[in-house]
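Contents: one structure, followed by commentary.
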2 protein chains.
Amino acid sequence: MLSTGLPHGAVPKLERPGPLRERVYEALLELITSRALRPGQHLVETELAGLLGVSRQPVREALQRLNTEGWVDLRPAQGAFVHEPTEDEADQLLVVRALLETEAARLAAAHATTEGLERLGELCAKGEDAVRADEVDAVVAANAAFHAEVMSLAGNAVLAELAAQVDQRVRWYYTPVARVRGMQSWREHRELIDAIAARDEAAASRIMRAHTEHTRASYHERADRTEGE
Amino acid sequence: MLSTGLPHGAVPKLERPGPLRERVYEALLELITSRALRPGQHLVETELAGLLGVSRQPVREALQRLNTEGWVDLRPAQGAFVHEPTEDEADQLLVVRALLETEAARLAAAHATTEGLERLGELCAKGEDAVRADEVDAVVAANAAFHAEVMSLAGNAVLAELAAQVDQRVRWYYTPVARVRGMQSWREHRELIDAIAARDEAAASRIMRAHTEHTRASYHERADRTEGE
DNA sequence: CGACAAAATATTGTCTACAGTATTCTTTTT
DNA sequence: AAAAAGAATACTGTAGACAATATTTTGTCG
């Protein structure tokens, strides 16, 4: 049952204008990524509709989209279930993410502007400050912003869109192991900036590959540790 | 009820029509890729519904999915329009496709089984026959099957799904220039098989990269030619 | 004759209702 | 008492209706 364990006050509010389906989509995505809706849980359309104060239709359309993006599984005549990630799938996502990010770094080295490099530097500084201040949320946010900026500099919208989806799902799968690698991660970011500034595609590619591999190893390390508990 | 002598659960469920939205989705995708619905065209829900003999609801759900997959643009309060590919976007898709296919080749070299190599050989032979017989459709089909098999051998479902989507869109964008590179393309396929058989990841990667680059060049060549007409 | 305004039309967005199907509970039979 | 058949329930799938909004047409004024 859905109503169990859902804080009614924490439900994202739907205020902004625009199509209802969009806001329902965002609300549901938030509920899923925040684990208010847990993997495997059966999502009953009428429950969600009532919860969000809309009819079933916008909910259905939101669920359709969440389905094609891999957040929920839509079993015919049975309904929507929050997707349950497997070990294999999580690892495959990391592989794909590494691939996309690496290519983005290479393209960024080829196309970056001085303004772009400046923005990267600022984001890096912000991240380093956050690490020093030990503010986990700020570190995570700065990290995401940094990678997003690299992706933006790559100038490939198709690549960016795929990466955005993969990234969000990776973050979801691995939130239980809340990864923070500390200052080392930002030293690698600095290296990457230098490579991009030097227009050295090979170096940028190599550095990003190593960086994502480190992050991946960090994920698995934490995952293994929680496994043993 | 007539006693069939079989337990209820063991009766294999005969192929049901399945959800209408699925068939509507497939029908619309076919109409788009076949260019019966042209880029930029306004898709009126009631017209499509009438055309397919269903109500607006399944049509809407199909359009939602087509939207998230990039086939149609959904402008709020205005409706669905068949996506209009730009020159930039088409090229970006080719870049991403090359990236995904190259990684797939590398992974295939790492994981391929002897049965898999056998299947690749058969598909290659089929393609070569089709080239000799000058059967364009068969060549295209064999080519798609070959690449799909490589992707399958890579053993990464996430990568495969992304590649499938990107591939189909690439094919759509470039159908006007119906590309056939002839036997050279299949010589490259043979090289790739050898590299995979040798478990040589670097070689497989390099060959697939070159292969997709050749195909890309072929696309642009044809596109430039039609441009000038 | 052209530009602007207002009504008319067309189309999407949302809600409600009903039909089809899977699941659960109850009853019956061995 | 256990298993199977049957009824009851719950939920999804689809359809149709109504409301909101954009577009087009028409009419009017400068």
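Lettering follows sequence order; numbering is per chain, from 1.
Partners of A:Glu45 by side chain to side chain donor-acceptor pair (under 3.5 Å), not counting sequence neighbours, listed by chain and number: A:Arg56, A:Arg60. Looking at residues two or more places apart in sequence or on another chain, you find a side chain to side chain donor-acceptor pair (under 3.5 Å) between A:Asp167 and A:Arg171. For B:His147, the ring pair (Phe, Tyr, Trp, His ring centres under 6.0 Å) criterion is met by B:His189, B:His211, not counting sequence neighbours. Under the side chain to side chain donor-acceptor pair (under 3.5 Å) criterion, B:Gln57 pairs with A:Gln57, B:Glu61, not counting sequence neighbours.
Comparing D:dA15, D:dC11, C:dT12 by their nearest atom to the side chain of B:Val44 picks out C:dT12. Set against C:dC15, D:dA15, D:dG13, the side chain of B:Ser55 has D:dA15 as its closest nucleotide.
Every pair tested for ring pair (Phe, Tyr, Trp, His ring centres under 6.0 Å) that includes a residue from residues 89-123 of chain A fails, sequence neighbours excluded, so the list is empty. Listed by first and then second residue, the side-chain hydrogen bond (donor to acceptor under 3.5 Å, both in side chains) pairs that reach into residues 153-165 of chain B come to none, sequence neighbours excluded.
Atom-to-atom, CZ of B:Arg21 to C1' of D:dA15 comes out at 15 Å; the value is rounded to the nearest Å. As rounded to whole Å, 9 Å separates atom P of C:dT12 from atom CG of B:Leu43. Taking atom CD on A:Glu45 and atom P on D:dT14, their separation rounds to 11 Å, with Å as the unit. Between the CD atom of B:Glu22 and the P atom of D:dT12 there is a distance of 17 Å, rounded to whole Å.
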In a table with atom names and distances, give each donor-acceptor pair under 3.5 Å that connects a side chain of residues 70-78 of chain B to protein atoms at least two apart or in another chain.
unit_1: B:Asp73; atom_1: OD1; unit_2: B:His83; atom_2: ND1; d: 3.2
unit_1: B:Asp73; atom_1: OD2; unit_2: B:His83; atom_2: ND1; d: 3.0

Please enumerate all protein N or O atoms sitting under 3.5 Å from an N or O of nucleotides 18-24 of chain D, with distances to 0.1 Å.
unit_1: D:dT23; atom_1: OP1; unit_2: B:Gln78; atom_2: NE2; d: 2.8

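Applying the 4.0 Å criterion to OP1 and OP2 of C:dT23, one finds that A:His42 has every side-chain N and O outside that range.
Of the residues in residues 57-69 of chain A, those with a non-hydrogen atom less than 4.0 angstrom from any atom of DNA chain D are A:Arg60.
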(Q) Pair B:Glu122, B:Arg119 - check salt bridge (Lys or Arg N to Asp or Glu O under 4.0 Å), show working. (A) CA-CA 5 Å; B:Glu122 290 167 14; B:Arg119 282 196 296 275; over 6 Å; no
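Counting any heavy atom pair closer than 4.0 Å across all strands shown, A:Leu74 reaches no nucleic acid atom.
At a threshold of 4.0 Å, the pair A:Arg65-A:Glu22 counts as salt-bridged, since one of the basic side-chain nitrogens sits closer than that to a carboxylate oxygen.
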